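Computed from a predicted structure; not experimentally measured. Below, chains carry the letters A, B, ... as their sequence lines are ordered, and counting in each starts from 1.
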Protein chains: 2
Amino acid sequence: MKSRRDDLVETALKLFYIHGFNATGIDRILAESGVAKMTLYKHFRSKDELILAALQLRDERFRNWLMAEMEKASADPEERLLSMFSALETWFLGKAFKGLGFSGCAFINAAGEFGDQAHPAHRLAAEHKRRIVDYLAELCRQAELPEPEKLAEQLALLKEGAIATAHVRNMPEAARTAEKMARVLIESAKAGDGGSAT
Amino acid sequence: MKSRRDDLVETALKLFYIHGFNATGIDRILAESGVAKMTLYKHFRSKDELILAALQLRDERFRNWLMAEMEKASADPEERLLSMFSALETWFLGKAFKGLGFSGCAFINAAGEFGDQAHPAHRLAAEHKRRIVDYLAELCRQAELPEPEKLAEQLALLKEGAIATAHVRNMPEAARTAEKMARVLIESAKAGDGGSAT
DNA sequence: TATAAAACAGACAGGTCTGTATATTTGTCA
DNA sequence: TGACAAATATACAGACCTGTCTGTTTTATA
C-alpha cells in the first residue's frame, strides 16, 4: 500500500542521493514523483523535513540490506563480519540498490552538505553510523573476539575508508583492500589478547 | 603581494569549506572578501571556475601542511608514516588551519556535492587523493617496507576512514584508532613478507 | 450513491541565485 | 601631471527557489 507520502520520500531519497540535497529542487521531486505541491506541504512542514524523512528511510533500508547480506553470507559470526566487505563491493559496483547506482554514502554526503554538527541531518548521519558500529560490536561479541567494542570501531573505520575511497577515486576494489586489512586486524586481536586461552 | 584574485579564492575556500559549495552564494564571497562582482568575473568565467581554483588552493595547502607536519615529526620514514595520524588528530581538533576549524575533507565533501565522476571538481578530488597515496608510497619505499604501493593504499584508506568518522560522528579520537591499526598493519607487512630476511 | 477527505492543477508572492551592463573611482607608472 | 589599467558601486535581467493560496477533481468509505 504505497501512499503519496511514500512516493514522495522515495523519489526525494533517489534525487537527493544522486544530485545532492541543495542541488535538488522541490519542483523536480514533485515532477518525478507525480505528486502535487500542496500534497507535499500537507505531509511535511518544509523541505528540511522531507530531507530528514528521506535520510530516515535510507538508514532503515541500508542497514536492513547490509544485515541481510551479512546474515545470508555465513552463520559464523567472524565470517559474517568479514562478509561486510563483500557486501560493500556489491554496493560499490552499483548492484545493491536498484535505480540508484553508487554515489557514496548518503550520510557522509549529508554531513558534508550540512557541516554543522547540530544540524538534524548531521545528527541523523551520526546516529546511522553508531547503529552500524553497535551491530558490528554485537557480532564481535558473538564471535568471542577480545575487546569487541574496540574491534567494532576498527572495522567501522575500515568501512568508512572503503566507502570514501571507492567514491572519490572511483575504486570499488577498496572493498577488498579493506577486507584484507580486516583479516589482519582480527587475527592480531585474537593473538594479542585472550582469543586462545590455552 | 596579495592580489584581489587571491583574496577572492581565499575567502571562497573558507566559505565553501564551512558551508558547502551550493549553499554558498557568490554575493557572500564578495561581501566577505570586499571585492566587486565585476572583478570576480574578470578573473573567473563562472562560479564553477572559482570552485576549482579554491579546491586547487586547498590541495596545495593541505598537502604542504601534511608533509611539513610529517617531516618535522621524524626523520625515520616509518615513524614519519605513523606521524600522519598525529597530524590528522591536530586537524580534527581544529588546530591545523587557522580560521577554518574542521569540517571534514574538502574533497570528500566536493565529491559528495558533485557526485558525477566526470565533474571537474570530482576529478580534482580524486587527483588530490592520489597525490597523497603517491607520497605515502614513496615513504614506504624509503622505509623499505614490502609491497610499498599496497601498504600505501592501506594507510590512505585508514586516513579516509578516520576523516569520515571524525567528521560525521564528531570523533577526533578516530585518528588514534587509525594509528593503532596502522601499526598492526605495518608489522604484519614486515612479518608476512620480506621485512626481516634473516 | 452520498459524503468527506485527500490529492490535484496552476498561479503567484517574495526571495535568492548567477551573470551582465554602465558609469565612476582608484591606483600605477612614465 | 597625464594616461591607462584595474577595481569599484549599482542597477538589472532572467532564472530558479521555497512556500502559499484558490478552486477543482479524484478517491475512499459508509
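- A:K150 meets the salt bridge (charged side-chain N to carboxylate O under 4.0 Å, His left out) test with A:E147; sequence neighbours excluded.
- Contacts of residues 31-40 of chain B with DNA chain D (heavy atom under 4.0 Å): B:G34, B:V35, B:A36, B:M38, B:T39.
- The CG-P distance, from B:D6 to D:dA7, rounds to 11 Å in whole Å.
- Applying the salt bridge (charged side-chain N to carboxylate O under 4.0 Å, His left out) rule to A:E113 yields no partners; only residues at least two apart in sequence or on another chain are considered.
- If you take CG of B:D27 and C1' of D:dA9, they are 13 Å apart, rounded to a whole angstrom.
- Rounded to whole Å, atom P of C:dG19 lies 11 Å from atom CD1 of B:I29.
- Under 4.0 angstrom from either OP1 or OP2 of D:dA6 there lies no side-chain N or O belonging to B:H43.
- With sequence neighbours excluded, the residues that form a salt bridge (charged side-chain N to carboxylate O under 4.0 Å, His left out) with B:K72 are B:E69.
- Whole-Å rounding puts the B:L30 CG to D:dA7 C1' distance at 12 Å.
- Rounding to whole angstrom units, CZ of residue A:R45 and C1' of D:dT18 are separated by 15 Å.
- Within the structure, no pair that satisfies the ring-ring contact (aromatic ring centres under 6.0 Å, His included) test touches residues 136-163 of chain A, not counting sequence neighbours.
- Scored by the side chain to side chain contact (heavy atoms under 4.5 Å, CB included) test, A:A121 finds A:L52, A:L55, A:F114, A:H119 as partners (sequence neighbours excluded).
- By the salt bridge (charged side-chain N to carboxylate O under 4.0 Å, His left out) test, B:R63 pairs with B:D59, sequence neighbours left out.
- Of all the residues in residues 7-26 of chain B, B:T24, B:G25, B:I26 reach under 4.0 Å from DNA chain C with at least one non-hydrogen atom.
- Between A:R169 and B:E160 there is no salt bridge, since none of the side-chain N atoms of the basic residue sits less than 4.0 Å from a carboxylate O of the acidic one.
- Within the structure, every pair that satisfies the side-chain hydrogen bond (donor to acceptor under 3.5 Å, both in side chains) test and touches residues 85-97 of chain B, not counting sequence neighbours, is listed here: B:S86-B:R176, B:E89-B:R176.
- Within the structure, a side-chain polar atom (N or O) of B:R4 is placed less than 4.0 Å from OP1 or OP2 of D:dT8.
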